[in-house]
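Everything on this sheet refers to the single structure shown next.
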2 protein chains.
Amino acid sequence: MSPPLSGETPRRRPPGMTDVARLAGVSQKTVSRVVNNERYVSDEVREKVLRAARELGFRPNTAARALITGRFRRIGVVSLGTALYGPASLQVALERATRAAGVSVTVANTAEGQPGAVAEAIEWLLQQGVDAVVISEPIDEGEPVDVDTDVPIYSLGQGQGLPEARNLLPGEFNRHASREAVEHLLDLGHARVRHLAGPGKWYAARERAQGWRDAHEARGIEPPPLLEGDWSPAAGYRAGLELLRDPDVTAVACANDDMAIGLVRAFAEAGRAVPEQVSVTGFDDIPAAAYLTPPLTTVRQQFEADAVRALGAVLRRLPGAPADAPEAEPRTDGRARSLVVRASTAPPPNRLKGEPGKDAR
Amino acid sequence: MSPPLSGETPRRRPPGMTDVARLAGVSQKTVSRVVNNERYVSDEVREKVLRAARELGFRPNTAARALITGRFRRIGVVSLGTALYGPASLQVALERATRAAGVSVTVANTAEGQPGAVAEAIEWLLQQGVDAVVISEPIDEGEPVDVDTDVPIYSLGQGQGLPEARNLLPGEFNRHASREAVEHLLDLGHARVRHLAGPGKWYAARERAQGWRDAHEARGIEPPPLLEGDWSPAAGYRAGLELLRDPDVTAVACANDDMAIGLVRAFAEAGRAVPEQVSVTGFDDIPAAAYLTPPLTTVRQQFEADAVRALGAVLRRLPGAPADAPEAEPRTDGRARSLVVRASTAPPPNRLKGEPGKDAR
DNA sequence: GTTGCACATGACAACGTAGTCAGAACCTGG
DNA sequence: CCAGGTTCTGACTACGTTGTCATGTGCAAC
């Protein structure tokens, strides 16, 4: 059969287990058993039921099932409603991992910048009926998320005022990877590295900024002033204009690739060549990063792996878990190397020949 | 109250209308009326009920509601599971427009490249219970989508074997905008324009290719051979290498910005300057487009507006529409100008001075 | 004072499924 | 042969809500 003739058809009642049961000559309960793959159904009956179900185009009614079981086999994902590469990748990865487990995903984007937008999005999801909520890009709205519900709320990163156990991803990755990028620059011989951070309310932005501080402090260097942008290329461009006024800047670590793009552009327009005069790093490794002019040194993220690992924890707790399940999952160390060195970084201009710092490690 | 102590709590039964009714001293049916904003409830009772509901933290059970009404107030969106800027933007816009109407969105990403993946995703959504399905990026899998259901299936673009009425967006936009970009190049004096298309199975890619052909044919020019990529910068780079072997190439129109980035890179590495020796256009106007080297001439898409308009049609038909509702909605002409001219396009190298073609129109 | 209608509320059934329990059919071992 | 289990099946009910219908109340028109 194909789609119906018109959009406004009365839409007849879809077949239910009762219809299948009648056709197969068994009880509704038996159909239920077959559909749910329960034990104690003879192969013969199972076959008969499946045939009947196929013939009628039967699809179990999830509403009825959810009503009686009290569980929806659906999770809610709160996303920030941007088409940013990182969040978008994460969301796709989340859906994949989830569907594989027979769980569906309902998304809710937060209204940008609105205070309480996250709580609002969570409330919306709870009203839709979900077994768990995952906050995809945790941000700090000032007050902790506080919703009256028994539905577990998780966060893909630190913060949100949730108990630590609800943090599905180690914050260390951002911090450590960011530090690694900065150390790469310091190793090249740069005296200090400027940092163009993401919005301060994003925990991911804070962690990357902290990694940048770590790198300096580990060498006893006072970190220079921090710049902040909103992840956009435009913000990177503005930050670039700002930095151009300081002739001493030789290296900038950006909190994402998009801002790095804008920043590089500002330098290019001003005739400050990258990487000859100024080195720039990004974060994310967007697909275009390798093809920019110059190709961008950046940090690769592992969204797919992160999502799978994170969701493992969520899904395991859905069905009414064994309570003594192995709480401590592998949690990959978060310190895996992931810096991708390309052509946007080089030794600073004044140290001309030789490769100082290369042996500094 | 805050989240519960532990993830594995027994999760007590959430309050229902019966509980609210008991507390408010009315019947359960009256609670239902208040919750659904029905007429014929005295202000006094309404107040009492709302207070009780608030006190108990009552949230209506959508499963029970869906069970009896047969409608879920939820739509399914089939997405291609890429973090591409276009699709990601569309998805965000869809969710926004939908939530504003009190309808939630469940996403299903197709398994890349698998035949029948779209039908599979639709089937999954139908099993979850949705009132309509929207295919976000229509592609041609060879055989038309054919699912046995009364749930309406729409497509954000031509194709998919669905009846024309199910096409929510005019294909003209892609075709016309692409033509416009090519005409811009021809007007600059380029003799012919190469085209780096998206995958042939994407209808959007076909439409953009057609627009490119249109532009040539309108001037009686035989369009040169078509190149095809997979939307990725890497594909653009490979196409660039290919084109480098032809010294006569002076202009390339790419079907999206990412491929344009890769292509520009290939030319840059080979010393063929953009735009001095070769002009390049993109499509989408990703945020980074204005900050690339050189800034990219491209076509701006209006995802938000498209999504709102498209969903208007879907949502209007959900509740059991008036049947004689104004079927013909504005359908903005799809020919709105949207070319954003930046620095990646210029007259061809051999015609040095003067600006030929500028008056060709 | 009765009729009629708008307003306000509640009792009851129904939606399609899964849980509970009972019972039938069939074994196995004594 | 029966006791006691395992396998298989169905009748009945509950889940939390909305739809239907009945009932009651107040007020205006006759």
Side-chain angles (χ1 to χ4, degrees), chain A residues 10-50 52-53 56-74 102 126-129 131 319-320, chain B residues 10-50 52-53 56-74 126-129 131 150 319-320:
Chain A
R11 191 181 304 183
R12 52 170 205 274
R13 185 179 67 80
M17 286 189 177
T18 323
D19 304 299
V20 176
R22 198 177 315 120
L23 179 58
V26 298
S27 74
Q28 172 264 319
K29 177 69 214 195
T30 297
V31 176
S32 166
R33 273 192 266 262
V34 171
V35 168
N36 293 320
N37 258 310
E38 288 180 24
R39 296 192 323 172
Y40 301 148
V41 180
S42 67
D43 289 350
E44 181 202 8
V45 169
R46 192 179 296 273
E47 255 318 304
K48 237 184 353 186
V49 169
L50 288 177
L56 293 179
F58 167 75
R59 264 183 285 264
N61 183 322
T62 48
R65 174 178 296 176
L67 175 58
I68 192 164
T69 61
R71 301 179 47 265
F72 298 87
R73 299 199 67 73
R74 176 167 58 237
L126 291 175
Q127 281 174 16
Q128 303 312 305
D131 298 325
Chain B
R11 190 181 303 186
R12 54 170 203 274
R13 186 179 65 81
M17 285 188 175
T18 323
D19 304 299
V20 176
R22 197 177 316 119
L23 179 58
V26 298
S27 76
Q28 173 265 321
K29 176 69 217 199
T30 297
V31 176
S32 165
R33 273 192 266 261
V34 171
V35 168
N36 293 318
N37 256 311
E38 288 180 25
R39 296 191 322 172
Y40 301 149
V41 180
S42 67
D43 289 350
E44 180 200 7
V45 170
R46 191 181 297 273
E47 255 318 305
K48 233 179 0 183
V49 169
L50 288 178
L56 293 178
F58 167 75
R59 265 184 284 265
N61 183 322
T62 49
R65 174 179 294 175
L67 175 58
I68 192 163
T69 62
R71 301 178 46 264
F72 298 86
R73 299 200 66 74
R74 176 165 59 237
L126 292 175
Q127 281 174 17
Q128 304 311 306
D131 297 324
D150 279 1

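Labels below follow one simple rule: chain letters A, B, ... track the order of the sequence lines, proteins then strands, and each chain is numbered from 1.
The side chain of B:Thr69 has D:dT18 as its nearest neighbour among D:dG16, C:dA18, D:dT18. Of the candidates D:dT7, C:dT9, C:dA18, the closest approach to any side-chain atom of A:Asn36 belongs to C:dA18. Side-chain atoms of A:Ser42 lie closest to D:dC8 of the nucleotides C:dT9, D:dA11, D:dC8.
For C:dA8, the OP1/OP2 oxygens have no side-chain nitrogen or oxygen of B:Tyr40 closer than 4.0 Å. Dashed line: the shortest gap from a side-chain N or O of B:Arg13 to OP1 or OP2 of D:dG16 is under 4.0 Å.
Of the possible donor and acceptor atoms, one in the side chain of B:Thr62 sits under 3.5 Å from a partner among the backbone N and O of A:Gln128. Side chain of B:Arg74 to backbone of B:Gly129: a donor-acceptor contact under 3.5 angstrom is found.
Residue contacts shown for B:Ser32 include a base, since a base heavy atom lies under 4.0 Å away. Looking at heavy-atom distances under 4.0 Å, A:Val45 makes contact with sugar-phosphate atoms alone, never a base. At a threshold of 4.0 angstrom between heavy atoms, the contacts of B:Arg39 with the nucleic acid are absent.
How far CZ of B:Arg73 is from CD of A:Gln127: 12.0 Å, rounded to the nearest 0.5 Å. Atom CE of B:Met17 is separated from atom NZ of B:Lys29 by 8.5 Å, given to the nearest 0.5 angstrom.
One atom, CD of A:Gln28, and another, P of D:dT13, lie 14 Å apart when rounded to the nearest Å. Whole-Å rounding puts the B:Lys29 NZ to C:dA11 P distance at 13 Å. Spacing between atom CG of A:Asn37 and atom C1' of C:dT17 amounts to 16 Å, rounded to whole angstrom units. When rounded to the nearest whole Å, the span between NZ of A:Lys48 and P of D:dC8 equals 14 Å. The distance between atom CZ of A:Arg33 and atom C1' of D:dG10, rounded to the nearest whole Å, is 7 Å. Atom CD of A:Glu38 and atom C1' of C:dT20 are 12 Å apart (whole Å). Summarising the geometry, the separation between CG on B:Asn61 and P on C:dG16 is reported as 16 Å, rounded to the nearest angstrom. In this structure, the CG atom of A:Leu67 is 13 Å from the C1' atom of C:dG19, given to the nearest Å.
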Yes or no on side-chain contact (heavy atoms from CB on, under 4.5 Å) for A:Asn61 and A:Arg65, after CA distance, side-chain angles and deciding distance?
CA-CA 6 Å; A:Asn61 183 322; A:Arg65 174 178 296 176; over 6 Å; no
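With contacts defined as side-chain heavy-atom distances shorter than 4.5 Å, the pair B:Val31/B:Arg22 does not qualify.
For the pairing with B:Val26, the side chain to side chain contact (heavy atoms under 4.5 Å, CB included) check across B:Val20, B:Val41, B:Val34, B:Val45 returns one residue only, B:Val45.
Listed in residue order, the members of residues 15-26 of chain B having a heavy atom less than 4.0 Å from DNA chain D are B:Gly16, B:Met17.
DNA chain C is contacted by both B:Ile68 and B:Ser27; B:Ser27 maps to the nucleotide lying nearer its 5′ end (nearest heavy atom per residue).
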